[in-house]
Colleague: 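Before anything else, here's the structure in question.
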Amino acid sequence: KKREPLPPGPQGWPILGNLLQDPQRRHWLKYDEWTRRYGDVVRITSFGETTIILGSAQAASDLLDTEDDVYRGMFIEKGATVYKLNLTWQLGCRGILHDEKTYPSPFRFHPTRFLDANGNLKTLTRTEDPGFVAFGFGRRYCPPNCNAENSVFLYVASVLYIFDICKAKDAPGRDIVPEL
């Protein structure tokens with residue numbers, strides 16, 4: 001049986017693979033650099049274990065929503081760990097939720113990007129919806145996502161119920177208006 005080629009990636013050392021190239025801190029910056037250089041699907045190895053880094057929501061959806069492990073003619077080894085690059089908002093790099101093709105000006109706070117011309121919520125595809133993308137795709141989807149969403153809702157509701165959220169006051173008692 002002919003085996004599909006592995007995705008591209010940086011050349012590693014024998015046995016160690018890319019272990020010495022993978023930084024201990026802020027690794028997402030290196031992963032971002034590799035996805036810019038090698039494409040949305042990058043392969044790295046450490047001690048013979050393959051790790052696949054996905055640099056876009058479309059690549060993650062295409063790969064993880066299917067039952068086979070072939071993506072654009074590249075073989076993804078059975079049991080390979082698959083990382084979806086930069087699925088959290090606080091990581092300051094290009095990644096899936098900061099993909100400029102999906103989210104123009106991704107580092108700008110612009111909630112109206114999710115509204116249509118009439119001011120109604122847009123119908124988003126699965127790869128555009130941050131609430132879907134953040135929990136993964138296909139058989140590697142994070143099952144407790146509804147628990148996470150419910151926990152966040154309960155936390156926000158509790159804060160709104162318990163605390164009086166208002167502007168700070170100066171010494172004479174006037175509202176302090178924050179600068180935007």
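Residues: numbered from 1 along the sequence shown. Heavy atoms only: backbone and side chains are in, while hydrogens, waters and symmetry mates are out. Since this is a predicted model, take the numbers as computed values, not measurements.
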Colleague: Verify the cluster assignment for Val152 and Ile165: are they in a single hydrophobic cluster under the rule of side-chain heavy atoms below 4.5 Å apart?
Modeller: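 Cluster IDs for Val152 and Ile165 match.
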
Colleague: Which residues, ordered by chain and number, are linked to Phe153 in its hydrophobic cluster, where ILVMFWY side chains connect at heavy-atom gaps below 4.5 Å, directly or through other members?
Modeller: Leu154

Colleague: How close do Tyr38 and Pro8 get, heavy atom to heavy atom, and via which atoms?
Modeller: O-CG, 3.4 Å

Colleague: Can you give the donor-acceptor pairs under 3.5 Å from side chains of residues 111-120 to other protein atoms, not counting sequence neighbours?
Modeller:
residue: Thr112; atom: OG1; partner: His110; partner atom: ND1; Å: 3.3
residue: Thr112; atom: OG1; partner: His110; partner atom: NE2; Å: 3.3
residue: Arg113; atom: NE; partner: His110; partner atom: O; Å: 3.2
residue: Arg113; atom: NH1; partner: Pro104; partner atom: O; Å: 2.6
residue: Arg113; atom: NH2; partner: Ser105; partner atom: O; Å: 3.2
residue: Arg113; atom: NH2; partner: Arg108; partner atom: O; Å: 2.8
residue: Asp116; atom: OD1; partner: Asn118; partner atom: N; Å: 2.9
residue: Asp116; atom: OD1; partner: Gly119; partner atom: N; Å: 3.1
residue: Asp116; atom: OD1; partner: Asn120; partner atom: N; Å: 2.9

Colleague: Salt bridge or not for Lys30 and Glu33, using N-O below 4.0 Å?
Modeller: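 Result for this pair is yes, salt bridge flagged.
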
Colleague: Looking only at non-hydrogen atoms, find the nearest pair between Tyr31 and Ile53 and report the distance.
Modeller: CD2-CD1, 3.4 Å

Colleague: Provide the full list of side-chain hydrogen bond (donor to acceptor under 3.5 Å, both in side chains) pairs with a residue in residues 5-19, sequence neighbours left out, each pair given once.
Modeller: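 Non-adjacent pairs meeting side-chain hydrogen bond (donor to acceptor under 3.5 Å, both in side chains): Asn18-Gln21.
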
Colleague: Under the rule for side-chain contact (heavy atoms from CB on, under 4.5 Å), what residues qualify as partners of Phe47, not counting sequence neighbours?
Modeller: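 side-chain contact (heavy atoms from CB on, under 4.5 Å) check on Phe47 returns Ile15, Leu16, Leu19.
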
Colleague: What pairs of donor and acceptor atoms, side-chain ones from residues 173-180 against any protein atom, are under 3.5 angstrom apart with sequence neighbours left out?
Modeller:
residue: Arg174; atom: NE; partner: Asp170; partner atom: OD2; Å: 3.3
residue: Arg174; atom: NH2; partner: Asp170; partner atom: OD2; Å: 3.2
residue: Asp175; atom: OD1; partner: Lys169; partner atom: NZ; Å: 2.6

Colleague: Treat each ILVMFWY residue as a node, draw an edge where side-chain heavy atoms are under 4.5 Å apart, and state whether Leu121 and Leu124 are in one component.
Modeller: no

Colleague: Linking I/L/V/M/F/W/Y whenever any side-chain heavy atoms sit under 4.5 Å apart, do Ile162 and Tyr155 land together?
Modeller: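 Hydrophobic grouping puts Ile162 with Tyr155.
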
